[in-house]
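Here is the structure we will look at, set down as structure tokens.
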Amino acid sequence: MPRSPSPSPPAGQPSTASDAGDAVKAIYVFANEKGGMTDINRGKINEIIAQLSQSSAYTAKLLKSDRRVDETVALLQQKLQRSDEGARRSAAAVVARQVAALEASRRADRCCAVIDFDMFYAAVEIRDRPELADKPVAVGGIGMISTANYVARRWGVRSAMPGFIGQALCRQLVFVRPDFAKYTAVAEVARAIFREYDPKMTAGSLDEAYLDLTDHLHKRARDGGGGGAGDDSGDCDGGGEGERRGTALTGEALGELAGEVVGEIRARVKEATRGLTTSAGIGPNFLLAKIAADVRKPDGQFCTGWSREAVLSFLAPLPVRKVPGVGRVMEKARARKDGAASAVCELLSRAAEARLLFTPGSADSLLRKSLGWEEGGREEAAGEALQKGISCERTFRPTGDEAELGETLRRLCASLAEEMAARQLRGRTVTLKMKTSDFDLLTRDSSAARPVGAAEELQARAVMPLTVAD
DNA sequence: TACATACAC
DNA sequence: GATGGTGTATGTA
């Protein structure tokens with residue numbers, strides 16, 4: 001006899017903060033946002049997570065790092081206070097000039113798409129074991145969950161969450177071991193389809209692809225395959241500065257055709273992968289396409305539009321964290337005065353501040369992103385970019401035994417050398433990374449005169465940062 | 001060049 | 001009781 005009616009997520013109270021878990025909650029953002037989360041149980045979920053995390057070394061280290069970020073942010077504030085009127089004015093002037101230049105160069109003749117499988121690993125596993133379909137499923141192990149299906153997400157189980165927490169949140173959670181060979185094969189099926197639309201397509205990861213559809217769309221429009229020859233009704237295209245490609249396919253017309261094409265691609269992928277769904281974002285560049293891919297997840301697509309108005313009204317209200325490249329730290333550094341997270345519009349309105357605080361490169365990048373103009377995605381892969389590094393790391397039980405550490409190091413070097421040989425790679429700088437039991441990360445590196453690759457060479461250069469005390 | 005951080009998936 | 005692995009980019013000394 002099975003358990004009773006289908007179990008449902010806990011219906012807790014709205015977060016009754018109070019206790020020692022408060023600081024921890026501030027760190028753990030698992031129960032924020034994202035599809036599938038019901039609002040009702042958020043408090044309960046946070047409580048369980050806080051409970052389990054409270055006394056762990058990992059949390060201690062997170063809190064410590066968070067305090068350091070706070071200090072840095074405080075320093076930035078001081079720096080801002082102390083900046084003189086002249087510096088502020090010239091920063092504002094620079095920003096104004098940049099904004100004008102960027103706006104003038106906005107183009108409406110390019111179309112990019114980012115296509116992303118929905119809960120990829122879990123979807124593949126469920127496809128192959130249909131009996132899992134309505135059960136909460138996590139791909140990963142007790143150490144780490146890499147993907148959770150939407151049923152599991154209703155309990156607060158998410159990717160990048162340690163498995164034991166997932167299990168505490170949802171006792172019926174079914175764990176499935178990841179099978180990367182299988183995922184790679186599935187990804188290859190999808191990529192073959194993507195390449196028909198963009199031969200230069202690039203992959204962000206196994207489950208994510210960047211396609212520049214511009215050429216395909218023009219070809220399709222020329223060959224009259226479909227797509228009403230756009231009625232560009234006034235408010236659409238932003239930069240109507242002539243047709244570089246000979247077809248009047250810009251702005252909204254481009255978007256409309258792209259919508260059909262992307263729908264077609266997604267249908268083909270679903271068919272070819274026996275039912276796997278994808279979500280997609282469409283826009284004038286990869287940055288916007290990437291952000292847009294999140295909007296209609298799962299199994300949907302969204303187009304940002306091309307005009308300045310369309311782009312900005314899409315971006316403005318988004319939390320800065322949605323912008324690729326803006327993570328926990330930058331979010332905090334750009335948070336509002338009252339501590340609340342900023343939206344992209346504030347990023348833009350306070351761009352002059354950023355220019356005073358950060359390196360010119362970072363400030364530029366932030367400004368461009370808040371205008372929705374480039375960066376954050378693939379962008380011109382410009383010929384097969386060569387790989388910059390290769391690594392092999394493993395987490396093991398803490399030990400102070402040098403012989404044991406030495407043996408671990410030997411094994412790591414051996415696997416790495418094997419992988420490098422298989423891919424015919426060598427490198428000049430060997431970096432040894434070591435994580436202590438309290439999650440401090442240390443690196444030591446050593447550069448050789450010429451590239452190395454053999455296990456012995458790697459090992460000889462991997463000098464252990466010993467004397468770790470305690 | 002050496003080391004640390006931030007970020008993405 | 002317990003929080004991964006691979007790769008890229010960037011800041012600072």
Side-chain angles (χ1 to χ4, degrees), chain A residues 24 27-28 30 49 51-62 65-66 68-69 72 114 116-117 119-121 139-147 158-168 177-178 180 183 187 203-210 290-291 293-294 320-333 357-366 369 375-379 385-398 412 415-416 419 423 425 427-435 437-449 461 463 465:
Chain A
V24 178
I27 301 289
Y28 278 95
F30 289 130
I49 294 173
Q51 188 70 42
L52 284 172
S53 304
Q54 228 159 30
S55 56
S56 75
Y58 179 77
T59 299
K61 117 101 192 188
L62 260 196
S65 123
D66 206 56
R68 249 205 356 265
V69 173
T72 308
V114 171
D116 212 336
F117 277 103
M119 48 166 195
F120 187 45
Y121 301 166
V139 176
I142 205 69
M144 186 57 61
I145 291 170
S146 43
T147 323
R158 356 194 28 105
S159 57
M161 174 182 273
F164 69 92
I165 290 183
Q167 203 161 43
R177 284 281 156 201
F180 291 103
Y183 311 145
S205 61
L206 275 183
D207 72 338
E208 188 187 58
Y210 290 73
K290 167 78 177 150
I291 300 175
D294 218 39
V320 293
R321 197 57 201 275
K322 292 277 182 191
V323 177
V326 176
R328 212 183 97 233
V329 172
M330 182 54 88
E331 178 184 36
K332 216 163 193 189
L357 296 179
F358 307 128
T359 62
S362 310
D364 285 355
S365 158
L366 218 47
K369 286 174 180 175
E375 292 192 87
R378 299 292 80 158
E379 251 27 80
L386 31 134
Q387 187 169 358
K388 301 280 176 60
I390 182 167
S391 66
C392 177
E393 64 184 73
R394 211 72 8 166
T395 299
F396 49 87
R397 205 172 33 78
L412 286 171
S415 334
L416 186 56
E419 185 62 24
R423 295 166 53 182
L425 292 172
R428 284 195 49 240
T429 305
V430 178
T431 301
L432 177 71
K433 181 168 123 187
M434 186 152 124
K435 182 162 72 181
S437 51
D438 43 6
F439 293 91
D440 281 332
L441 284 176
L442 310 171
T443 64
R444 293 293 177 270
D445 59 57
S446 146
S447 298
R461 296 203 167 265
V463 198

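Only this structure's heavy atoms are used, side chains among them; waters, hydrogens and symmetry mates stay out. Lettering follows sequence order; numbering is per chain, from 1. Remember, predicted model here, so these are calculated numbers, not experimental data.
What separates CG of A/L366 from P of B/dC7 is a distance of 11 Å, to the nearest Å. Note: CZ (A/F164) to P (C/dA2) measures 8 Å, nearest angstrom. Between the CZ atom of A/F117 and the C1' atom of B/dC9 there is a distance of 15 Å, given to the nearest Å. Across the protein-nucleic acid pair, A/D294 atom CG and B/dC9 atom C1' stand 13 Å apart, rounded to whole Å. One interatomic measurement links the two molecules: CZ of A/F120 to P of B/dA8, which rounds to 21 Å at whole-angstrom precision. Whole-Å rounding puts the A/K435 NZ to C/dG5 P distance at 7 Å. A/K290 has its NZ atom 9 Å from the P atom of B/dA8, to the nearest Å. Rounding to whole angstrom units, CG of residue A/D364 and P of C/dG11 are separated by 11 Å.
Checking the phosphate oxygens (OP1, OP2) of C/dG11, a side-chain nitrogen or oxygen of A/T359 falls inside 4.0 Å. Look at A/R428 and you'll find a side-chain N or O under 4.0 angstrom from OP1 or OP2 of B/dT1. Here A/T395 reaches the OP1 or OP2 of C/dG5: one of its side-chain N or O atoms lies under 4.0 Å away. Using a 4.0 Å cut-off, some side-chain N or O of A/R68 falls inside it from OP1 or OP2 of B/dT5. Under 4.0 angstrom from either OP1 or OP2 of C/dT6 there lies at least one side-chain N or O belonging to A/R394. Remark: A/T443 is not in phosphate contact with B/dC3, judged by side-chain N or O atoms under 4.0 Å from OP1 or OP2. For C/dG4, the OP1/OP2 oxygens have no side-chain nitrogen or oxygen of A/S146 closer than 4.0 Å.
Listed candidates were C/dA9, B/dC7, C/dG4. Nearest to the side chain of A/F439 is C/dG4. Of the candidate nucleotides B/dC3, B/dC7, C/dG4, B/dC7 has the atom lying nearest to any side-chain atom of A/M330. The listed nucleotides are B/dA6, C/dG7, C/dG5; the one nearest the side chain of A/I390 is C/dG7. Considering only side-chain atoms of A/V329, the nucleotide from B/dC9, B/dT1, B/dA6 that sits closest is B/dA6. If you check B/dC7, B/dA2, B/dC9 against the side chain of A/D445, the one that comes closest is B/dA2. Taking only side-chain atoms of A/R444, from C-beta outward, the nucleotide of C/dT6, B/dA4, C/dG5 with the closest atom is B/dA4.
Rounded to the nearest 0.5 Å, atoms OG1 (A/T59) and CZ (A/F439) are 8.5 Å apart.
For the pair A/T429 and A/V69, both in contact range of DNA chain B, the more 5′-proximal nearest nucleotide belongs to A/T429. Of the two residues near DNA chain C, A/S391 and A/S362, the one whose nearest nucleotide lies more 5' is A/S391. Mapping A/S55 and A/Q387 onto DNA chain C by nearest heavy atom places A/S55 at the nucleotide closer to the 5' end.
Using a 4.0 Å heavy-atom distance criterion, A/R397 is classed as making no nucleic acid contact. Using a 4.0 Å heavy-atom cutoff across all strands shown, A/T431 reaches no nucleic acid atom at all. Using a 4.0 Å heavy-atom cutoff across all strands shown, A/K61 reaches no nucleic acid atom at all.
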As a quick check of understanding, evaluate side chain to side chain contact (heavy atoms under 4.5 Å, CB included) for A/F117 and A/L206, giving each step before the final call. CA-CA 9 Å; A/F117 277 103; A/L206 275 183; over 6 Å; no

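A/P324 approaches A/K290 most closely through the heavy-atom pair CG-CG, 3.9 Å.
With a 4.5 Å cut-off on side-chain heavy atoms, A/R321 and A/M330 do not count as touching.
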